There are 2 protein chains.
Amino acid sequence: MFEVFLRSFNEKVPLTPEEETFLKQYLTPKKLRKKQYLLQEGDVCKHICLVEKGALKAYLVDDKGDEQITAFALEGWTIADLSSFFKQTPATLNIDALEDCELILISRPAHDELLERFPKYGNYIRMLITDAYVALQQRVVNTLHLSVDERYIAFQQMCESIFQRVPQHMIASFMGLSPETLSRVRSRLSGKK
Amino acid sequence: MFEVFLRSFNEKVPLTPEEETFLKQYLTPKKLRKKQYLLQEGDVCKHICLVEKGALKAYLVDDKGDEQITAFALEGWTIADLSSFFKQTPATLNIDALEDCELILISRPAHDELLERFPKYGNYIRMLITDAYVALQQRVVNTLHLSVDERYIAFQQMCESIFQRVPQHMIASFMGLSPETLSRVRSRLSGKK
DNA sequence: AAAAAGCATTGATGCAGATCAATGCTTTTC
DNA sequence: GAAAAGCATTGATCTGCATCAATGCTTTTT
């Protein structure tokens, strides 16, 4: 039920069995069917979500009604609209399931209580966000300063697991490209190697 | 000496006068002259840096020798190569002073000791990185899904203070544009309004 | 004070990626 | 099992930004 989450936690901050039991009290398991929403634009993001199983995407909807994907989350990854969660403001992101999912949710009250009562949780969250920040910064640099071909290769190497499970046009959206361009990038690169 | 830093800290996590005194023990003031390096690519990033006065930029140098600016920091802002600081790996970023600066440095040992002894510091750092993450995410979305004109306006509104102190070609680099394009964006927009 | 370097602007040209459109394959739906 | 929807690919055209080049202004250097 909590295996993936606890493994992720232990990798950053080792826990004793008693601590694991204590921590579990604050966690809410949830199942989500493919295409169901975890969060909709305009609602307040009430949980931080860790993926035990399945896959989700976070996205904005633009004027034309197109989805602009900002993030994917697979097993062991965390997803939420952090701005909405921390400031308790309406979310700008939508999050929904790409596959049937098993999730672990941490509510805002649980989060606050854990921070007070269980310092290791604060350490875990700090490390989680730090890692996310570093990854995002790399993404900014790649986006602004690499060619599309280089970005594709970089992204492919970093997130191979995503490529095998997510339709290509969503990868294109995530990279800020049209599906046609991504298709051409792929054929260009496969020709080369 | 520590006014700006302590104000920033108090805004996120209020401190008693005693706590302020305690905290100061761990802070190292440093002055930096215009054009001097705070961090050079290849060195390990030994400090988190808060700007009391002045301005700095962080950047990569590409194959052609051009600077690709990834961040600016003005009074009250924080700057570092977080990946290098936390993993103790060689930095990929250079950081140098755009103006004469007064800085507050927190070394890695001071950081670790503060985390252990002073929980409010952990809270402060967590909030700092969370805010940075949210801002960076917005930047990614803007970069991938807005037109250049819209990005310029968004960036201008968000970071007006930068525009007044940083040469235009550095803003262009930060936005991933050529100086010529940014100049044209500006004349286009000033014509409109 | 003169020379040099740094910077913003404007024009001309070329190319990368968006858009529009058509086709065929695969998966889902009923 | 037929119809519909979703998806990847390929071609043709258009557009926005980079690049190259020249000019004049401002700041720094000596």
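Keep in mind that the numbers below use all heavy atoms, side chains included, and drop hydrogens, waters and symmetry copies. Computed from a predicted model, the values in this text were never measured in an experiment.
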(request) Could you label the plane-to-plane angle of the A:Phe174 and A:Phe72 rings as parallel, tilted or perpendicular, counting under 30° as parallel and over 60° as perpendicular? (result)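 Tilted: the ring planes of A:Phe174 and A:Phe72 meet at 30° to 60°.
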(request) Classify the ring geometry between B:Phe86 and B:His111 as parallel (under 30°), tilted (30 to 60°) or perpendicular (over 60°). (result)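 If you compare the ring of B:Phe86 with that of B:His111, the planes turn out perpendicular.
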(request) Answer yes if the side chains of B:Arg126 and B:Asn123 hold a donor-acceptor pair under 3.5 Å, and no otherwise. (result) yes
(request) Indicate for each nucleotide in nucleotides 18-30 of chain D, in 5' to 3' sequence, whether protein heavy atoms under 4.0 Å reach the base (B), only the sugar-phosphate (S), or nothing (-). (result) SBBB---------
(request) Using a 4.5 Å cut-off on heavy atoms from C-beta on, say whether the side chain of A:Leu23 contacts that of A:Phe5. (result) yes
Specify the separation, in whole Å, of atom [atom1] of [X] and atom [atom2] of [N].
X	N	atom1	atom2	value
B:Leu189	C:dT9	CG	P	12 Å
A:Asp66	C:dT19	CG	C1'	12 Å
B:Tyr152	D:dC17	OH	C1'	17 Å
A:Leu144	D:dC17	CG	P	14 Å
B:Arg188	D:dG16	CZ	C1'	8 Å

(message) At a heavy-atom distance below 4.0 Å, what parts of residues 154-174 of chain B sit against DNA chain C?
(response) B:Pro167, B:Gln168, B:His169
(request) Kindly say whether the aromatic ring centers of A:Phe163 and A:Tyr152 come within a distance under 6.0 Å. (result)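 Yes: the rings meet the under 6.0 Å criterion.
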(request) With rounding to the nearest 0.5 Å, note down the distance linking CD in B:Glu52 to SG in B:Cys101. (result)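 Going from CD on B:Glu52 over to SG on B:Cys101, the span is 11.0 Å.
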(request) Determine the sole option in B:Lys35, B:Lys57, B:Lys34, B:Gln40 for which the side-chain contact (heavy atoms from CB on, under 4.5 Å) test with B:Asp96 is passed. (result) B:Lys57
(request) State which of C:dT9, D:dC17, D:dT10 makes the closest approach to the side chain of B:Val148. (result)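 Looking only at heavy atoms from C-beta outward on B:Val148, the closest nucleotide is D:dC17.
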(request) Check the surroundings of atom CD in A:Glu116: do more than 12 heavy atoms from other residues, nucleotides or ligands lie under 6.0 Å from it? (result)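 Counting other residues, nucleotides and ligands, CD of A:Glu116 stays at 12 neighbours or fewer.
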